[in-house]
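Here's the structure, in C-alpha cells; my notes come after.
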Amino acid sequence: QDAPPPRPLDVLRTEIDRVDGEILALLNARAAIVDEVGRGKAGANAVVFRPGRQAALIRKLAAVQGRQKPATIARVWTAVIAGSILQQKADFSVAVADAGDGATELLAQDYFGAQMPRQRLASADAAIAAVSEHRADVAVVRLDGPWWNRLPEGMHVVAAVPFVAPSEKAPAAYIVARQDIDPSGDDVTLVRLPADVAPDGAQQLAADGGFKLWAFAKGAPLPTNAEPIGIHARPLVIGGTDKTPAPK
Ligand SMILES: O=C(O)C(=O)C[C@]1(C(=O)O)C=C[C@@H](O)C=C1
C-alpha cells in the first residue's frame with residue numbers, strides 16, 4: 001500500500017521544530033538530574049567520570065530498534081555526557097599524548113566529544129604525569145610506549161577508544177585516570193605479567209623489560225595473583241563504513 005503524499009515542507013519543518021523543543025526540554029530535565037548527581041558526588045568525594053556507566057548506558061540505548069542508527073545514538077549521547085561531565089567539573093581536562101600526527105587527538109575527540117577541553121602532551125608518560133600531578137583528569141594514550149609497565153600508584157586504565165567501532169579490533173588508545181576501575185558489565189581486563197607467564201585465552205598487547213601486557217576477555221580466568229592494571233568496556237560494534245578487514 002502506497003504511503004500518503006508528504007505534507008508541505010513548511011508544515012514538516014514546524015513539526016521538526018516542535019519535536020526539537022521537546023528534545024531540548026528533556027535534555028534540560030536530564031541536566032537538572034545531573035546537577036543533583038554532581039552535588040551528591042561532591043559531598044561524597046566521588047569521581048565524576050564513570051566510563052563503565054557511560055558504556056552500559058550507551059549500549060542499552062543503541063540496542064533499541066528504531067529509526068535512529070546505533071552510531072547516531074552513540075554520537076548524540078557522547079555529546080550529552082560530555083556536557084554532563086563538564087556540568088559536574090567545569091575544568092575537566094583531557095591530556096592527549098600526541099605524536100604530532102593528530103591521531104590520538106582525534107581518538108580523544110571520538111570518546112569525549114569535540115566540546116571537551118584537551119591539552120596536548122609530547123608523550124604518553126607526560127600525559128600520565130599530567131594526570132598523576134592533578135594537571136589533567138584523564139590521559140588518552142596509545143600503546144606506543146611502556147607506560148603500562150610503570151603506571152603510578154592509584155592510576156588505572158578505565159576505558160578504551162574507540163568505544164563505538166565498525167569492527168572488532170584491538171583498541172587504538174586507552175584512557176588512564178587517577179581512579180578505580182568502573183565495570184560496565186561486559187569488560188576486557190588488562191593484566192601485566194612476568195614475561196615467562198603464558199596465560200590461557202588472553203591476547204598479548206605489548207612487552208617491555210621482563211613484563212608483558214595481556215587482555216583477558218570477559219569470563220576468561222585470570223592467573224592467580226594477577227593484578228589488573230585496568231579494565232575497559234568491550235567496544236560496541238556497529239555495522240559501519242570501515243572497509244578495512246578485521247584481523248583474523
Ligand atoms: O551516572 C553518573 O555518575 C553521572 O555522572 C551521569 C553521567 C551521565 O550523564 O549519564 C555523566 C558522567 C559519568 O561519566 C556517567 C554518567
Side-chain angles (χ1 to χ4, degrees), residues 22-62 73-97 104-105 107-121 124 126-141 147 151-164 173-187 189-190 227-233 236:
E22 287 177 22
I23 294 172
L24 183 58
L26 288 171
L27 287 174
N28 279 320
R30 190 185 198 281
I33 301 168
V34 169
D35 259 337
E36 204 172 329
V37 169
R39 285 192 286 118
K41 285 185 185 176
N45 238 321
V47 290
V48 167
F49 176 44
R50 295 293 303 270
R53 165 68 182 154
Q54 292 184 197
L57 171 170
I58 292 175
R59 256 185 213 136
K60 195 166 129 195
L61 293 170
I73 293 168
R75 283 288 141 242
V76 168
W77 264 271
T78 294
V80 168
I81 292 170
S84 133
I85 290 172
L86 289 170
Q87 207 183 318
Q88 298 178 62
K89 191 172 190 298
D91 62 353
F92 194 91
S93 172
V94 179
V96 179
T104 319
E105 182 138 21
L107 291 165
Q109 212 169 317
D110 185 84
Y111 187 90
F112 287 105
Q115 170 196 13
M116 189 66 87
R118 293 180 295 274
Q119 21 178 326
R120 207 176 297 169
L121 282 299
I128 288 170
V131 177
S132 75
E133 292 159 15
H134 297 242
R135 285 178 280 118
D137 293 277
V138 295
V140 181
V141 293
W147 53 266
L151 268 187
E153 181 73 29
M155 290 186 64
H156 296 99
V157 171
V158 296
V161 205
F163 171 60
V164 183
Y174 295 88
I175 297 177
V176 176
R178 212 175 44 244
Q179 64 189 54
D180 282 339
I181 57 166
D182 182 33
S184 73
D186 186 1
D187 300 280
T189 304
L190 302 180
E227 272 187 44
I229 66 150
I231 67 166
H232 64 80
L236 175 65

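A quick note: this is a predicted structure, and the numbers were derived from the prediction, not measured.
- Of the inter-residue distances, the one linking Asp182 atom CG with Asp187 atom CG reads 8.5 Å to the nearest 0.5 angstrom.
- A salt bridge links Asp110 to Arg75: at least one charged side-chain nitrogen sits closer than 4.0 Å to a carboxylate oxygen.
- With a 4.5 Å cut-off on side-chain heavy atoms, Arg53 and Ser184 do not count as touching.
- Within the 4.5 Å cutoff, the side chain of Val138 has heavy atoms near those of the Phe92 side chain.
- Considering CD1 of Ile58 and CZ of Phe163, their distance stands at 6.0 Å, rounded to 0.5 Å.
- A distance of 10.0 Å separates CD of Gln115 from CD1 of Ile85, quoted to the nearest 0.5 Å.
- With values rounded to the nearest 0.5 angstrom, Ile181 atom CD1 is found 11.5 Å from Ile229 atom CD1.
- When all heavy atoms of Ala139 and Val131 are compared, the pair lying nearest together is N-CG2, 3.5 Å.
- Looking only at distances, no side-chain donor or acceptor of Ser84 sits under 3.5 Å from a matching main-chain atom of Val80.
- Considering only heavy atoms from C-beta on, Val161 stays 4.5 Å or farther from Tyr174 through its side chain.
- In the model, Ser93 has no side-chain atom that pairs as donor or acceptor with a side-chain atom of Arg118 under 3.5 Å.
- Formation of a donor-acceptor pair under 3.5 Å by the Thr189 side chain with backbone atoms of Ile231 is not found in this model.
- With rounding to the nearest 0.5 angstrom, the CZ atom of Phe49 is 13.0 Å from the CZ atom of Arg178.
- A salt bridge links Asp137 to Lys89: at least one charged side-chain nitrogen sits closer than 4.0 Å to a carboxylate oxygen.
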- [ ] Give the C-alpha distance, both sets of side-chain angles, the deciding distance and a yes or no for side chain to side chain contact (heavy atoms under 4.5 Å, CB included) between Val176 and Val158.
- [x] CA-CA 6 Å; Val176 176; Val158 296; over 6 Å; no
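- The CG atom of Leu86 sits 12.5 Å away from the CD1 atom of Ile81 when rounded to the nearest 0.5 Å.
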Open item on the list: For Gln88 and Val34: C-alpha separation, side-chain torsions, deciding distance, then whether side chain to side chain contact (heavy atoms under 4.5 Å, CB included) applies.
Closed with: CA-CA 8 Å; Gln88 298 178 62; Val34 169; 3.6 Å; yes
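- A side-chain donor-acceptor contact under 3.5 Å links Lys41 to the backbone of Val48.
- With a 6.0 Å radius and a threshold of 12 heavy atoms from other residues, nucleotides or ligands, Glu22 has its CD atom above the threshold.
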